[in-house]
Amino acid sequence: MSDTQKVRVRVAPSPTGDPHVGTAYVTLFNYILAKQAGGELVLRIEDTDQSRARASSEQQIYESLSWLGLEWDEGPDKGGDYGPYRQSERKSIHLEHSEQLLKTGHAYRCFCTPERLAKLREQQRAEGKMLGYDGHCRSLSVEEVEQKMKEGVPSVVRLKVPKDRVTQFDDAIRGSIEIKNTQLDDQVLIKSDGFPTYHLANVVDDHLMKISHVIRAEEWISSTPKHVLLYKAFGWETPVFAHVPLLRNLDKSKISKRKNPVSLNYYKRKGILPEAMVNFLALMGWSYGDDQEVFSPEQMMEKFKLKDIHLGGPVFDVVKLKHINQQYMQKLDSKGFSHYLRDKVFTQDYLESLFPLFKDRLECFEQFVDRSSFFFNGGLDYEGLPLIPKSKDAKEMRTMIKGLIEELDDLYEWKADAIQNLLNTYREKIEWKPRDFFMPIRLMATGRKDSPPLAESLEVIGREMVRFRLRDVLNGAHLKP
RNA sequence: GUCCCUAUCGUCUAGCCUGGCCCAGGACACCGCCCUUUCACGGCGGCGACGGGGGUUCAAAUCCCCCUGGGGACGCCA
C-alpha cells in the first residue's frame with residue numbers, strides 16, 4: 001500500500017444462517033481502523049455459495065451491525081462507487097478475470113469429477129500424505145480441453161500454483177509468514193456452476209474495491225498465500241493483511257453454535273446492550289490500558305493499533321459479558337431504562353406476535369406477565385418438572401434431545417408449520433409416543449406444563465433460544481446419568 | 001498425517017519490542033469480612049499464573065533454541 005492511498009477496509013460475511021458474533025468481532029476492528037484513519041468501511045455480501053445463501057440472513061446482518069453501531073459506508077443497501085456489493089452480482093467480473101488467468105497460464109481447466117476427488121482425498125488421508133489436488137488435469141493439451149468442453153464435460157478452473165517456490169507475506173500483527181508452495185493446493189477458482197469460489201472473488205473484489213487492509217479472522221492465514229499468488233498473477237499490489245484471533249468456546253476450540261450461543265440475535269434477545277457487546281468484543285484481544293475496561297468506540301479509536309492485538313485465542317465468556325453489561329446498565333437513567341424496555345423488549349411487534357397465542361387463554365390481563373415470562377426470559381428453572389417421561393430414562397432423553405437439536409439446526413425456515421412438521425417427522429423416526437415426546441419439549445422450551453401451542457411458541461421463542469434451552473437441560477443436573 | 005498460527009492466574013488481560021522498577025499489576029468468577037430489615041450495588045481482604053528444558057547475560061516473564069500444550073487450515077463452504 002502506498003502512503004497516499006486511503007484506508008479502505010471491508011467486512012465480507014456470507015449470508016448463511018444467523019448473524020454471527022465473529023462477524024461483529026472482525027467488523028469492530030475494521031470499523032475502528034477505518035474511522036480513526038478517516039477511511040471507509042465496505043460491507044460486501046459473499047453469497048457465491050448458491051446452495052447456502054439466504055436473503056433473510058443478509059437482512060439480519062444489516063440489522064445486527066446497525067444495532068451494534070458498526071455502520072458501514074458502502075454496501076448493497078447503501079450503494080457506493082465500487083458496486084455491486086453483492087458478490088453474486090459480480091459473477092461476470094469474476095469470470096473475466098478467470099479467463100485472463102487461463103490465458104496467461106496462471107490457471108487451468110480441470111475435468112475431474114467430485115467422486116474422483118473424494119477418492120483421492122480418502123487415499124491421501126489413508127497414506128498420511130498432504131491433502132490436495134494431484135494435478136491430474138494440469139497438463140491437458142489445448143486440444144484435449146477443447147474436446148471436453150465441446151462434449152459438455154463439467155469443469156472447474158484451478159489456480160496453477162508454481163510448486164518450486166516459496167510464498168511469503170507480511171501480516172500486520174504477526175509479522176512475516178512464509179510457506180512452501182508445495183504445501184499449496186491448486187485451488188478451485190471457478191466452480192462447475194460457474195460461480196467463483198471465495199478465493200478468486202475475494203481477491204478480485206478487494207482489488208477492484210480498492211481495499212487497503214484485509215483484516216479478517218485467523219482461519220484465513222493458510223489460504224492467504226494462495227491469495228498472494230493471485231494478486232501476483234494479476235500483477236496487482238497486495239493489500240496489508242492482518243489476521244485477528246478466533247473467538248473460542250470454553251474448551252478453547254473455535255467458537256461454534258454447538259457449544260456456545262453465537263448468534264447476535266441471541267445476545268440482543270438476552271438484553272445485552274449493544275455498547276456493552278462492542279466493549280466486550282474489544283476486550284477480546286485488545287486492552288485500553290490504565291486498567292480501564294469500560295470504554296467507547298470513540299475512546300478506542302484514540303489508542304487502537306492493529307499491532308497491539310493480543311494473539312492468544314480469547315474465550316468468549318458470557319459471564320464476563322454480563323458483567324460488562326451490568327456496568328453499562330448502571331449508567332442508565334430512568335428514561336434510558338424505560339425506553340429500553342419499551343423499545344427493545346415490550347415492543348409493539350413482539351406483543352402483537354404474542355397476541356394470537358394468548359387471545360383465548362387469559363381471563364384478566366394480570367395473568368399475562370406470569371404466563372408469558374418464558375417469551376422474555378433466557379434460561380429457565382426446571383426444578384420439580386417431570387422432564388423425563390415415565391417410560392424413558394435419562395440416557396434416552398439425552399439422545400432424543402441431541403438428535404432434536406441437530407434437526408432444528410438444519411431446519412431451513414424457522415416457522416411454526418415447518419417446526420411442527422419437523423417434530424412430527426422426528427417423533428415418528430425415533431418412535432416415541434406423542435405424550436412422551438411433546439410434553440418434555442414443551443417443558444424444556446417453556447418451563448411449564450401449560451403453554452400456548454408448542455410449534456407456535458417455539459417460533460416466537462426463536463431458534464437460538466430454543467437451542468440454548470435444550471442445551472441448558474443437557475448440561476444441567478436434570479439428566480445426569 | 002502435513003503445514004501454519006499461538007502460549008502470563010480457571011477466564012479476559014497488563015508487562016515482553018526498548019532485559020533490572022515484576023518473589024508479576026488489573027478485571028471476571030470464587031471465598032471471607034464490612035455496609036445493610038432482604039437481595040443486589042459498593043468497600044476491604046483472600047485464593048490464584050510467567051507450560052518444561054537448555055542457552056545468552058551481572059541480571060530473563062521479557063532475547064535465542066528445542067520440547068510440550070492449545071488452535072486453525074488442508075472442500076467445486078466461506
Side-chain angles (χ1 to χ4, degrees), chain A residues 12-17 20 22-23 44-53 87 110-118 120-121 124-133 154-158 167 169 171 173-175 177-202 216-226 243-255 279-294 307-324 326-327 329-330:
Chain A
S14 79
T16 55
H20 202 278
T23 303
R44 186 172 67 223
I45 298 293
E46 309 223 325
D47 58 348
T48 55
D49 185 346
Q50 289 292 285
S51 61
R52 294 204 308 159
Q87 219 160 40
C110 168
F111 299 90
C112 291
T113 61
E115 293 72 36
R116 189 184 104 77
L117 296 175
L120 176 67
R121 227 169 277 131
Q124 287 170 332
R125 209 176 288 273
E127 291 172 19
K129 281 196 210 149
M130 189 196 94
L131 272 32
Y133 185 61
S155 67
V156 301
V157 175
R158 284 182 185 274
T167 299
F169 69 95
D171 183 290
I173 313 177
R174 295 158 203 265
I177 294 174
E178 59 173 52
I179 186 167
K180 294 186 187 70
N181 287 9
T182 46
Q183 290 295 329
L184 301 180
D185 200 9
D186 281 1
Q187 192 52 243
V188 169
L189 268 17
I190 300 284
K191 300 180 256 186
S192 58
D193 66 1
F195 278 89
T197 58
Y198 170 87
H199 306 281
L200 205 229
N202 194 264
R216 71 223 309 187
E218 188 181 3
E219 55 188 332
W220 293 107
I221 292 180
S222 34
S223 36
T224 303
K226 292 171 194 167
H243 294 90
V244 301
L246 238 21
L247 260 18
R248 312 288 186 91
N249 297 313
L250 252 18
D251 66 1
K252 297 271 189 186
S253 56
K254 169 175 158 181
I255 198 166
N279 194 149
F280 173 70
L281 253 15
L283 254 15
M284 303 271 88
W286 191 78
S287 72
Y288 186 79
D290 300 329
D291 293 334
Q292 183 183 336
E293 58 177 19
V294 175
K307 192 85 185 67
D308 292 338
I309 293 177
H310 185 250
L311 294 171
V315 170
F316 189 94
D317 184 1
V318 183
V319 176
K320 179 80 177 230
L321 205 209
K322 281 194 276 192
H323 173 258
I324 298 291
Q326 184 177 34
Q327 304 287 309
M329 286 187 74
Q330 286 176 347

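Keep in mind that this is a model prediction, so the values were computed, not measured. Letters A, B, ... are given to chains in the order of the sequence lines, protein chains preceding strands, and every chain is numbered from 1.
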Counting heavy atoms from C-beta on, name the nucleotide in [options] closest to the side chain of [X].
| X | options | result |
| --- | --- | --- |
| A:Asp291 | B:C76, B:G25, B:U11 | B:G25 |
| A:Arg52 | B:C76, B:A78, B:C12 | B:A78 |
| A:Ser192 | B:G71, B:G25, B:C76 | B:C76 |

When we call it a touch if two heavy atoms are under 4.0 Å apart, what does [X] touch: a base, just sugar-phosphate, or nothing?
| X | result |
| --- | --- |
| A:Thr48 | sugar-phosphate |
| A:Ser287 | sugar-phosphate |
| A:Pro114 | base |
| A:Cys110 | nothing |
| A:Gly289 | nothing |
| A:Trp286 | nothing |
| A:Val315 | sugar-phosphate |

Nearest whole Å is fine: how far is [N] [atom2] from [X] [atom1]?
| X | N | atom1 | atom2 | answer |
| --- | --- | --- | --- | --- |
| A:Arg248 | B:G69 | CZ | C1' | 12 Å |
| A:Phe195 | B:G75 | CZ | C1' | 18 Å |
| A:Gln50 | B:A78 | CD | C1' | 14 Å |
| A:Glu115 | B:C76 | CD | P | 12 Å |
| A:Asn279 | B:A27 | CG | P | 16 Å |
| A:His243 | B:A73 | NE2 | P | 12 Å |
| A:Asp193 | B:G75 | CG | C1' | 14 Å |
| A:Glu293 | B:U13 | CD | P | 11 Å |

For nucleotides 2-8 of chain B, just jot down a letter per nucleotide in 5' to 3' order: B, S or -, based on protein non-hydrogen atoms under 4.0 Å.
SSSSS--

Protein-proximity profile, nucleotides 40-48 of chain B, B/S/- by nucleotide at the 4.0 Å heavy-atom cutoff, equals -S-------

Now, which nucleotide makes the Watson-Crick or G-U wobble pair with [N], with each of the two distances under 3.5 Å?
| N | value |
| --- | --- |
| B:C33 | B:G43 |
| B:A78 | none |
| B:C63 | B:G55 |
| B:A7 | B:U68 |
| B:U2 | B:A73 |
| B:C16 | none |

With hydrogens left out and only the distance checked, is there a donor-acceptor pair under 3.5 Å joining A:Lys320's side chain and the base of B:A29?
no

Where do A:Ala53 and A:Thr16 come nearest, in terms of heavy atoms and distance?
N-CG2, 4.1 Å

Rounding to an integer number of angstrom, what distance separates [N] and [M] when you compare their [atom1] atoms?
| N | M | atom1 | value |
| --- | --- | --- | --- |
| B:U6 | B:A60 | P | 25 Å |
| B:G54 | B:A27 | P | 36 Å |
| B:G1 | B:A61 | P | 34 Å |
| B:U56 | B:C12 | C1' | 33 Å |

Which class fits the ring pair A:Trp220 and A:Tyr198: parallel under 30°, tilted 30 to 60°, perpendicular over 60°?
parallel

Is a side-chain donor or acceptor of A:Asp251 paired with a backbone partner of A:Ser253 at a separation under 3.5 angstrom?
yes

RNA chain B: A:Phe280 or A:Pro13, which has the more 5' nearest nucleotide?
A:Phe280

Sorted by position of nearest nucleotide on RNA chain B, 5' first, the leading residue of A:Gln292 and A:Val319 is A:Gln292

Could you measure the distance from the CG atom of A:Leu247 to the NE2 atom of A:His20? Nearest 0.5 Å is fine.
8.5 Å

Using a 3.5 Å cut-off and no angle test, enumerate the donor-acceptor pairs between side-chain atoms of residues 312-322 of chain A and protein atoms at least two apart in sequence or in another chain.
residue, atom, partner, partner atom, Å
A:Asp317, OD1, A:Val319, N, 3.1
A:Lys320, NZ, A:Glu293, OE1, 3.2

